[in-house]
Amino acid sequence: MASYNLLVNGKRQSVESWDPAQPLLYLLRNELKLHGAKFGCGLGQCGSCTVLIDDSPARACQVTVSAAVGRRITTIEGLGSPEKPHLVQAAFIAEQAAQCGYCTNGMVMSAVALLRGTPRPSIDQSKAALDGNLCRCGSHDRVLRAVQRAAGTPVEKS
Ligand code: FES
């Protein structure tokens, strides 16, 4: 067992792992009890485990614990709260941009990263930024509306 110091949601956290290649996702969920990042495919293909690492979206199932040391990790728990949701979370709620909700947290994290770098994205830029976040319920239209709402450029419902 080795100990790894992680900076998660602004707090220094120490986690133990038997394997430096263990995915960050497992440690977030199982050791730190941060269940916002979801296990979907485990292969970097669905986006449900998306977190921010140094403000860029990253697939937590593909980041090793050793690679996460010294980086700033933000999970959805570090964004807002039910009482005071982040702007993007509030926009997802307003647009009801979820069905089963399993993919939603990853979508929100990708949208937050997009808006930090591109505060007024076009629809095409939003589509490109969320291209790797899959939704099996087909909520993509509502998700795009939520992103545009959060950007202050709401689109009409079709
Ligand atoms: Fe990480 Fe699917 S669980 S991308």
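No hydrogens, no waters, no symmetry mates; every other heavy atom, side chains included, goes into these values.
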Acceptor/donor pairs from residues 128-136 side chains to any protein atom, 3.5 angstrom cut, sequence neighbours excluded:
from : atom 1 : to   : atom 2 : distance (Å)
N133 : OD1    : S110 : OG     : 2.8
N133 : ND2    : G47  : O      : 3.2
N133 : ND2    : G106 : O      : 3.2

Quiz item: With a cut-off of 6.0 Å (strictly less than), are more than 12 heavy atoms of other residues, nucleotides or ligands near NZ of K11?
Solution: no
Quiz item: Same cluster or not: are M109 and L25 linked, directly or through other Ile, Leu, Val, Met, Phe, Trp or Tyr residues, by side-chain heavy atoms under 4.5 angstrom apart?
Solution: no
Self-check item: Modelled atom types, side-chain donor and acceptor of T118 and Q125, under 3.5 Å
Solution: no
Practice problem: Is it possible for you to say whether L144 and V108 belong to one hydrophobic cluster, with membership spreading through side-chain heavy-atom contacts below 4.5 Å? | Solution: no
Practice problem: Hey, could you give me the CD1/OG1 distance between I76 and T50, rounded to the nearest 0.5 Å? | Solution: 10.0 Å
Quiz prompt | Minimum heavy-atom distance between H35 and E77, given as atom pair plus value | solution = N-OE2, 3.1 Å
Practice problem: Kindly give the cluster partners of L24, where membership spreads through any ILVMFWY side chain lying under 4.5 Å from a current member. | Solution: Y4, L6, V8, V15, L27, L28, L32, L34, V51, I53, V63, V65, V69, I73
Practice problem: Spell out, as yes or no, whether a donor-acceptor pair under 3.5 Å connects the side chain of N5 to the backbone of R12. | Solution: no
Self-check item: Validation row: R59, Q45 side chains within 4.5 angstrom (heavy atoms)
Solution: no
Practice problem: Quick one: list whatever passes side-chain contact (heavy atoms from CB on, under 4.5 Å) with E16, sequence neighbours left out. | Solution: M1, S3
Practice problem: Could you tell me the separation between the OG atom of S48 and the CE atom of M107, rounded to the nearest 0.5 Å? | Solution: 10.0 Å
Self-check item: Non-neighbouring partners of N30 that pass side-chain contact (heavy atoms from CB on, under 4.5 Å), sequence neighbours left out
Solution: Y26
Practice problem: Kindly give the heavy-atom pair with the smallest separation between S17 and Q22, and that separation in Å. | Solution: OG-OE1, 2.5 Å
Quiz item: So, the side chain of T64 versus the backbone of A67: is there a donor-acceptor pair under 3.5 Å, distance only?
Solution: yes
Self-check item: Which residues share a salt bridge (charged side-chain N to carboxylate O under 4.0 Å, His left out) with D54, sequence neighbours left out
Solution: R71
Exercise. Tell me, please, which residues at least two apart from R29 pass salt bridge (charged side-chain N to carboxylate O under 4.0 Å, His left out).
Key: none
Quiz item: Are L79 and L115 connected in the hydrophobic side-chain network, where two residues link if heavy atoms are under 4.5 Å apart?
Solution: yes
Quiz item: Are the side chain of R145 and the backbone N or O of P154 linked by a donor-acceptor pair below 3.5 Å?
Solution: no
